[in-house]
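Here is how names work: the chains are called A, B, and so on, in the same order as the sequence lines, proteins then strands, and each is numbered from 1. Values below: all heavy atoms of this structure, side chains included; hydrogens, waters and symmetry mates excluded. Here the structure is a predicted model, which is why all the values come from computation and not from measurement.
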Number of protein chains: 2
Amino acid sequence: MLNEDSISLSHDCGDCPIRHRAVCARCETDELELLEDIKYYRSFEAGQTVIWSGDKMDFVGSVVSGIATLTQTMEDGRTQMVGLLLPSDFVGRPGRDGAAYDVVATTDLVMCCFRKKPFEQMMVRTPHIAQRLLEMTLDELDAAREWMLVLGRKTAREKIASFLTIIARRDATLNLRPAKGALVFDLPLTREAIADYLGLTLETVSRQISALKRDGVIHLEGKRHVTVPDFSRLMEEAGDDSDGGVLA
Amino acid sequence: MLNEDSISLSHDCGDCPIRHRAVCARCETDELELLEDIKYYRSFEAGQTVIWSGDKMDFVGSVVSGIATLTQTMEDGRTQMVGLLLPSDFVGRPGRDGAAYDVVATTDLVMCCFRKKPFEQMMVRTPHIAQRLLEMTLDELDAAREWMLVLGRKTAREKIASFLTIIARRDATLNLRPAKGALVFDLPLTREAIADYLGLTLETVSRQISALKRDGVIHLEGKRHVTVPDFSRLMEEAGDDSDGGVLA
DNA sequence: TAACGTAATTGACCCAGATCAAGCGCGAAC
DNA sequence: GTTCGCGCTTGATCTGGGTCAATTACGTTA
């Protein structure tokens, strides 16, 4: 995901650790200035809600640092996480007025935002941005549908393994680590949040993580720090097509 | 969904029962002619596969009549339906080469297709098409995430009720039926396909449908023909926010 | 250093939904 | 008509994961 021209929608800016190539690579100087003009940063503390489902959402943006989640909730409190936002991920629905899900910061969070109206105006003037957004949205759709398979058909153990695979991949690409040798990363979520992601209870999450540890699929240091000695083994546990242990 | 300018991407054409307004409303005559030029129809028989996941997909298009499903399959045969294509629904991934899922016709099916290359070229020249596609894709993403809640957190009975509300809604909008009084429609899928949609077994689907019938939430005539005497009751069973029994 | 609070683990038990298995209904082919 | 076959229903039993509850591990504050 973190490659030459796929990251986000503003240009490359000094104070922002994310390189925004999609626009930068092709657009005119005045567009850059417009972007600069409508851009601003927002910080959130861990646990803070960025926006509630249904609220008016007058910005789009991307995560600079920290982690946020997209969740849906039923009246009786059952919740399902429908997305996980890591640094470089885009949030927002150009052409839509309201937020469709609760967005919550699970760690301290910094976002790079653009006011929606001018952003949309710029979209009209700069067609390749709409195309870039379309591609990003198609990717999200693929990810969501991939997750439907996880939620609908996988066992608890497979769900946990699938989750770990995804986090490992994201971590590797995000930190530009070589995709070989043992993978090491930190779990970005509590057991409860993982449960909400996977449609499980936190007890089951805990038990299955313990089981994977017992069976040598992963090592744990503390509660969060994970080592995966053999990634293809983990993919096997996840029930994924084992065509390649390739991290990409 | 079936409203003034949301259906598909060609213009309104006499031989095609679907009205394609998105382009029609705004674009130039020669665009219409180009569309006419690259447009063609494909027919499939019930059970036929339109395209396999991973295959090269050199067209985009929309369903004219019949029903198709998008499914994902694991090596051991477990399958999860990730989308249901009814008349007027769009299929295709502009800017993507391969199909991401198996697309299967579950009834006799007619699709109105456009060759992908020229379609993409037209997208570049006609920016509002990319924006229209972006909006459609955002809708699909919303639907997929809504479905994640169903798959991850709802009980079997709630899943069946959720499925019925979706079909009822689609049927009502598609056939422009007034959204009041008793709703009547046909189930477009076998019990097994419903099970694949809901992440259940066909036996559980059958049992829960029987239970809803027994409890007077629905009436059944034969295996497929459903009557819903009280739609808000059904929505309640689905665990949906009951803000409005409004069909829209 | 103790005392507290939050996250995580682990155990015992239970139940919703899966699995296995036996019919049933009904249209199509002969 | 009879037979076949497929889609569906219903029953009996099993089990993965939920529920309830007790305990542990670790920061954090005092």
Mind listing the N/O atom pairs, protein and nucleotides 14-19 of chain D, below 3.5 Å?
from: D:dG17; atom 1: OP1; to: A:Ala156; atom 2: N; distance (Å): 2.8
from: D:dG18; atom 1: OP2; to: A:Thr201; atom 2: N; distance (Å): 3.4
from: D:dG18; atom 1: OP2; to: A:Thr201; atom 2: OG1; distance (Å): 3.1
from: D:dG18; atom 1: OP2; to: A:Thr204; atom 2: OG1; distance (Å): 2.4
from: D:dT19; atom 1: O4; to: A:Arg207; atom 2: NH2; distance (Å): 2.8

Query raised in the report: Does a salt bridge link A:Asp196 with A:Arg191, judged by any charged N lying under 4.0 Å from a carboxylate O?
Result: no

Report summary line: Between CD1 of A:Ile209 and C1' of C:dT10 the distance, given in whole Å, is 14 Å

Report task. Hey, could you give me each pair passing ring pair (Phe, Tyr, Trp, His ring centres under 6.0 Å) that has a residue in residues 202-228 of chain B? Not counting sequence neighbours. Result -> none

**Report entry** Whole angstrom value for the distance that separates P of D:dC8 from CG of B:Leu220
**Finding:** 11 Å

Query raised in the report: Once you round it to whole Å, what is the distance between C1' of D:dC8 and CG of B:Leu212?
Result: 16 Å

Query raised in the report: In a check of side chain to side chain contact (heavy atoms under 4.5 Å, CB included) between A:Phe163 and each of A:Ile166, A:Ile167, A:Ile160, which one passes?
Result: A:Ile167

Query raised in the report: For B:Leu202 and C:dC24, what is the distance between atoms CG and C1' respectively, to the nearest whole Å?
Result: 15 Å

Query raised in the report: To the nearest angstrom, how far is B:Leu189 atom CG from D:dG7 atom C1'?
Result: 14 Å

Query - Trace of the side-chain contact (heavy atoms from CB on, under 4.5 Å) decision for A:Leu220 with A:Arg224 - result: CA-CA 7 Å; A:Leu220 262 188; A:Arg224 298 290 190 97; over 6 Å; no

Query raised in the report: Once you round it to whole Å, what is the distance between P of C:dA7 and CZ of A:Arg191?
Result: 12 Å

Query raised in the report: Are B:Tyr101 and B:Trp52 close enough that their ring centres sit under 6.0 Å apart?
Result: no

Query raised in the report: More than 12 heavy atoms of other residues, nucleotides or ligands under 6.0 Å from CD of B:Glu192: is that the case?
Result: no

Report task. Assess whether ring-ring contact (aromatic ring centres under 6.0 Å, His included) is satisfied between B:Phe114 and B:Phe59, documenting all intermediate values. Result -> CA-CA 5 Å; B:Phe114 305 93; B:Phe59 66 94; over 10 Å; no

Report task. Give the rounded distance in Å between these two atoms: CG of A:Leu187 and P of C:dA7. Result -> 15 Å

Query raised in the report: Rounded to the nearest 0.5 Å, how far does CD of A:Glu236 lie from CG of A:Asp230?
Result: 8.0 Å

Query raised in the report: Thinking salt bridges, do A:Lys154 and A:Asp240 make one under a 4.0 Å N-O criterion?
Result: yes

Query - Rounded (10°) bend between the five-pair end axes of the helix from C:dT1-D:dA30 to C:dC30-D:dG1 - result: 30°

Requested in this report: Could you state the atom-to-atom distance from NZ of B:Lys223 to C1' of D:dT10 in whole Å?
Outcome: 11 Å

